[in-house]
Amino acid sequence: RMKSLYVLLFSSLAFSVYARDQTVGIRGTLTCGSEPLAGAEVKLWELDTWPDPDDNLATVKTDSRGRFEIFGSENEFTSISPVIKFYHRCNNKGLFNLPKLCKRKITYEIPKKYINSGKQVGTWFEMGEMNMEAKVKGEDTECI
């Protein structure tokens, strides 16, 4: 019994030695038609496989001009799988036609080449200007 405890302890120590800090950063501007999309929530997530839960690395809101800059780091043994999620009410019909009740949620995977070792952003993933009016296949709705 004690032997298996030592094996478990040694294994977790070995994994922690080989784990490394990885960082990703994303910038862009959101619009709703021709207007800036101010106050939209932007979340940077690192997706994990069960039983390890997904990690919210950072959350920001777009400024009055619709701009955002978000970055985060995670210490992982394998390569991280970052996604960025936008929560907004542009062109939102809402649940039961109550537009303020729900937000549209759109998720984008970040290309692996923008992940770097360490706790500093290497190369920013520049998303550019994105018009959030259009519906995106696979988008979701988050209510209250």
Side-chain angles (χ1 to χ4, degrees), residues 1-92 94-95 99-144:
R1 190 170 201 203
M2 200 63 162
K3 186 177 180 180
S4 35
L5 181 62
Y6 283 128
V7 169
L8 183 63
L9 185 60
F10 179 75
S11 299
S12 47
L13 180 61
F15 278 121
S16 67
V17 167
Y18 290 107
R20 66 191 191 286
D21 288 323
Q22 300 169 65
T23 302
V24 63
I26 302 101
R27 295 192 279 227
T29 303
L30 303 183
T31 64
C32 184
S34 59
E35 298 296 316
L37 186 54
E41 198 169 35
V42 181
K43 294 183 179 184
L44 178 60
W45 286 86
E46 196 277 312
L47 303 182
D48 285 305
T49 52
W50 187 87
D52 189 11
D54 295 344
D55 301 302
N56 182 348
L57 303 182
T59 301
V60 298
K61 288 195 184 249
T62 55
D63 68 13
S64 62
R65 294 162 79 186
R67 297 176 304 187
F68 69 91
E69 181 175 289
I70 190 167
F71 64 93
S73 298
E74 183 72 8
N75 188 280
E76 291 277 340
F77 177 68
T78 58
S79 280
I80 62 173
S81 300
V83 298
I84 190 167
K85 297 183 181 187
F86 299 108
Y87 301 80
H88 64 90
R89 291 194 168 97
C90 175
N91 195 20
N92 183 31
L95 188 63
K100 299 291 185 201
L101 189 61
C102 301
K103 292 181 182 177
R104 293 173 55 199
K105 179 173 83 172
I106 301 170
T107 303
Y108 293 96
E109 291 179 22
I110 304 305
K112 297 280 187 205
K113 71 180 187 176
Y114 294 97
I115 301 167
N116 69 285
S117 293
K119 290 199 175 218
Q120 300 296 316
V121 175
T123 303
W124 287 87
F125 179 54
E126 302 285 352
M127 292 194 86
E129 185 174 300
M130 301 174 61
N131 183 345
M132 304 306 278
E133 269 185 312
K135 299 286 184 182
V136 177
K137 186 174 182 164
E139 80 174 60
D140 205 354
T141 301
E142 189 163 284
C143 299
I144 305 173

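Computation of the quantities below employed the complete heavy-atom set of this structure, encompassing side-chain atoms and omitting hydrogens, waters and symmetry-equivalent molecules.
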For [Y], does its backbone N or O pair with a side-chain atom of [X] as donor and acceptor, under 3.5 Å?
{"X": "Q22", "Y": "E74", "value": "no"}
{"X": "D55", "Y": "L57", "value": "no"}
{"X": "T29", "Y": "G66", "value": "no"}

Are the side chains of [X] and [Y] in touch, meaning some heavy atoms are under 4.5 Å apart?
{"X": "F125", "Y": "P111", "value": "yes"}
{"X": "I110", "Y": "I26", "value": "yes"}
{"X": "H88", "Y": "L30", "value": "no"}
{"X": "I106", "Y": "M132", "value": "yes"}
{"X": "L44", "Y": "V24", "value": "yes"}
{"X": "C90", "Y": "K103", "value": "no"}
{"X": "D140", "Y": "E142", "value": "no"}

For residues 25-34, pull every pair meeting salt bridge (charged side-chain N to carboxylate O under 4.0 Å, His left out), keeping only residues two or more places apart or in separate chains. R27-E69, R27-E126
Shortest non-hydrogen pair, S79 vs R20, comes out as OG-NH2, 3.7 Å
What pair of heavy atoms forms the shortest contact from C102 to T141, and how long is it? CB-CG2, 3.4 Å
Please name all residues satisfying side-chain contact (heavy atoms from CB on, under 4.5 Å) with V42, sequence neighbours left out, ordered by chain then number.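 V42 satisfies side-chain contact (heavy atoms from CB on, under 4.5 Å) with V60, T62, F68, I70, I84, F86 only.
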Test of understanding: with side-chain contact (heavy atoms from CB on, under 4.5 Å), list the residues that count as partners of N131, not counting sequence neighbours.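 For N131 the side-chain contact (heavy atoms from CB on, under 4.5 Å) partners, ignoring immediate neighbours, are T31, E133.
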Please determine whether a side-chain nitrogen of the Lys or Arg among E139 and R104 lies less than 4.0 Å from a carboxylate oxygen of the Asp or Glu. yes
Could you note down all residue pairs passing side-chain hydrogen bond (donor to acceptor under 3.5 Å, both in side chains) where residues 106-117 supplies at least one of them, sequence neighbours left out?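 Every pair satisfying side-chain hydrogen bond (donor to acceptor under 3.5 Å, both in side chains) with a residue in residues 106-117: S81-K112.
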Once side-chain hydrogen bond (donor to acceptor under 3.5 Å, both in side chains) is applied, do any residues pair with N56, and if so which ones, sequence neighbours excluded?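 N56 satisfies side-chain hydrogen bond (donor to acceptor under 3.5 Å, both in side chains) with T59 only.
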Counting only pairs under 3.5 Å, give me each side-chain donor-acceptor contact of residues 34-41, with atom names and distances, residues two or more places apart or in other chains.
none

